[in-house]
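Written out below as C-alpha cells is the structure these notes cover.
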Number of protein chains: 2
Amino acid sequence: MRPGPRRSLTHAEILDAAFDLLEAKGFAAVSVRGVAGSLGITPTALYTYYPSKNALLRGMVEHLLARLDLGTLTEADSAEVGVAAVRARLVRIALSLRELLAGHAGALGLIMSGPLDGPNAMRLNETLLEQFCATGLSLDDAARAAYALQVYALGSIALESAEVDVESDAATSDPLIVTDASGAALWTDLARFPMSEQTMTLVAERNSTAQFAWGVERLLAGLIG
Amino acid sequence: MRPGPRRSLTHAEILDAAFDLLEAKGFAAVSVRGVAGSLGITPTALYTYYPSKNALLRGMVEHLLARLDLGTLTEADSAEVGVAAVRARLVRIALSLRELLAGHAGALGLIMSGPLDGPNAMRLNETLLEQFCATGLSLDDAARAAYALQVYALGSIALESAEVDVESDAATSDPLIVTDASGAALWTDLARFPMSEQTMTLVAERNSTAQFAWGVERLLAGLIG
DNA sequence: ACCTGAACACCGTTCAAGT
DNA sequence: ACCTGAACACCGTTCAAGT
C-alpha cells in the first residue's frame, strides 16, 4: 500500500508469525510468501530481515530451543545422590527436547535446515556435557554421549513425523496391496514376517512418550559406565 | 512429441532416474518435472506410474532398502558364540543402514516421506527382531530395541545432513557473529560454553563412521541385558 | 492404458524503483 | 533503511484431449 521505512518488525514478531503458520497449516505453509503475507508485508520485505528462507528457518530453530527447559540440579543433589540424580535430569532434558519438537509439526524440517550451532543449541550441548562429565565420563566421552543423546531424540522425532505425515495418502490406497521396488503389485505377505506381525500392536503405540523414555533409559545405561 | 501408448517405462527405470538426479543435483532436483524430464516424458505422464510425488519418494525408499545388506549369521554362530556374534551382526546392519542412507544426499527427506512399512523395511525390521530375540530379549523388548536402533541410525543421518547442507550459507556470513532468537546481533561468547569450546575439535569429526559405531555399541550395551 | 499441452495455484529470489 | 511491484525460473497437480 504505502512504501517507506514506516514501521519496523522485530525478528521475534516474524518468528512468532512463522510458528503460528507452522502450527496452523504445517511446514509447507511456512513459505516466504506465507509468512510475509501473515505479517502484512510483501515477500521481498522479508528479505530485509532474513537473507534467505533458510536463515528464517534457522532463526526458528533458535527461537524454539530458547524455550527448552534444561531443568536444574542443585549442588547438593549432584554431590549426594550421585549419578542417579544426574541421570534423572538427563532423561528430563531428553523428554523436554522431544516434547518441544513433537509439539510443533514439521519441527524436524526446521532442525535439518542447518547445524545446531546457535547460542541456545550450544546452551543445550553445554548442559549435556556438564551432566555427562558429572557421571564420571571423560570430556571426550561426554562429548560423544551428548551427541548420541541428541541423535536419539532427533531420530525419534524423524521416525514419528514420518509415520504421521501420510494419513491422506494411506487412506486412498488399499493397505493390503503394496508396490515393491520393481513396481509389481503384490500382497504384503505378513506370514513372511512372523515376528513383525506379532509385534504390530506394540508397533502401533511405540511412538509414545513411554517408548521414547524407554529408549533413552537404555541408551543412558549404555553411555554411563 | 507423439502421444499414444507407445513404450512403457518400468518403475525400476523411473526410480533409477530419480536416484541419478538425487546423486547428481541433490534432493531439491528430485521433482516430478525433473524426473519426467530426465526420462523424456511429460510431468503428467509420470502420474500414470505414481499417483503423487510422495508415492514416488516412497518408492525410492523401498528401492534403496532393497539394496540393504542384512548379512548372515550361521546357526553354528548363534548357537556357539552366543550374544557376541549376534551383537556384531547388529552393528554391521546398523553400519550398512547408515552407509546406505549417508551415501545418498537427501536420503532423510526420502525416509520422512512416509512410514517405513514397505516389504524391504519389514525385512529389515524382521531381521532386527530375530537378532534381538536371539540375545534373550522378550519379543516386546526386542520390538522396542529394534525400533530404538532404527531411531538412532536415522537420527544420526538427520544430524549429519543438517551439518552438511549449509556450506554456501555459512560461507557468506561471519561465523563469529550470530543472530539470537530476538534477532539482535551478538558475539557468540564461546567463554560462556567452556566445555563445548574444548570439545569443538572432537565435534568437527564426530559425524564420522567411528562416532556412529561408538554410539551404536553403547546403545546395544544398554539394550542387550 | 499411456501420453500431450494448457492451465491453476503456488514456490524462492532478484531487481529497479519509490519514500 | 525499509518497502513495493514486476519479473524470472521454478514447483505439484488437474483436466480435457489425443492415440
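Just so we're clear, the structure is a prediction, and the values are computed from it rather than from any experiment.
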Worked check of salt bridge (charged side-chain N to carboxylate O under 4.0 Å, His left out) between A:Arg192 and B:Glu126: CA-CA 9 Å; A:Arg192 281 177 54 206; B:Glu126 188 76 9; over 6 Å; no
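No side-chain donor-acceptor contact under 3.5 Å links A:Glu62 to the backbone of A:Gly59.
With no hydrogens or angles considered, no side-chain donor-acceptor pair links A:Ser96 and A:Glu99 at under 3.5 Å. Between the side chains of B:Gln211 and B:Ser208, no donor N or O sits under 3.5 Å from an acceptor N or O.
Between the CG atom of B:Leu9 and the C1' atom of C:dA1 there is a distance of 14 Å, rounded to whole Å. Nucleotide C:dC3 holds its C1' atom 13 Å from the CD1 atom of B:Ile14, rounded to whole Å. Counting to the nearest Å, the C1' atom of D:dC3 and the CG atom of A:Leu46 are 12 Å from each other. Atom pair B:Leu39:CG and C:dC2:C1' shows a separation of 14 Å (rounding to whole Å applied). If you take CD1 of B:Ile41 and P of C:dG5, they are 13 Å apart, rounded to a whole angstrom. For the pair A:Tyr49 OH and D:dC2 C1', the computed distance is 7 Å after rounding to whole Å.
Between A:Leu154 and A:Leu116, the closest side-chain pair of non-hydrogen atoms falls below 4.5 Å.
When the C1' atom is compared between C:dC3 and D:dA16, the two are found 13 Å apart, to the nearest whole Å. Distance noted for atom C1' between D:dC8 and C:dC11: 12 Å (whole Å).
With D:dT4, D:dC2, C:dG5 as the choices, the nucleotide that has an atom nearest any side-chain atom of A:Thr48 turns out to be D:dC2.
Shown here for A:Asn120 and A:Leu65, the closest heavy-atom pair between the two residues is CB-CB, 3.7 Å. Taking every heavy atom of both residues into account, B:Val32 and B:Lys53 meet most closely at CG2-CB, 3.8 Å.
Note that CZ of A:Phe19 and CZ of A:Arg67 are 7.5 Å apart. Values are rounded to the nearest 0.5 Å. How far CG of B:Leu21 is from CZ of B:Phe27: 11.5 Å, rounded to the nearest 0.5 Å.
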Base-contact (B) and sugar-phosphate-only (S) positions in nucleotides 8-15 of chain D, heavy-atom cut-off under 4.0 Å, - elsewhere: ---BBBBB
Paired and unpaired positions of DNA chain D as dot-bracket, Watson-Crick or G-U wobble under 3.5 Å, | denoting a partner strand: ||.|||||...|||||.||
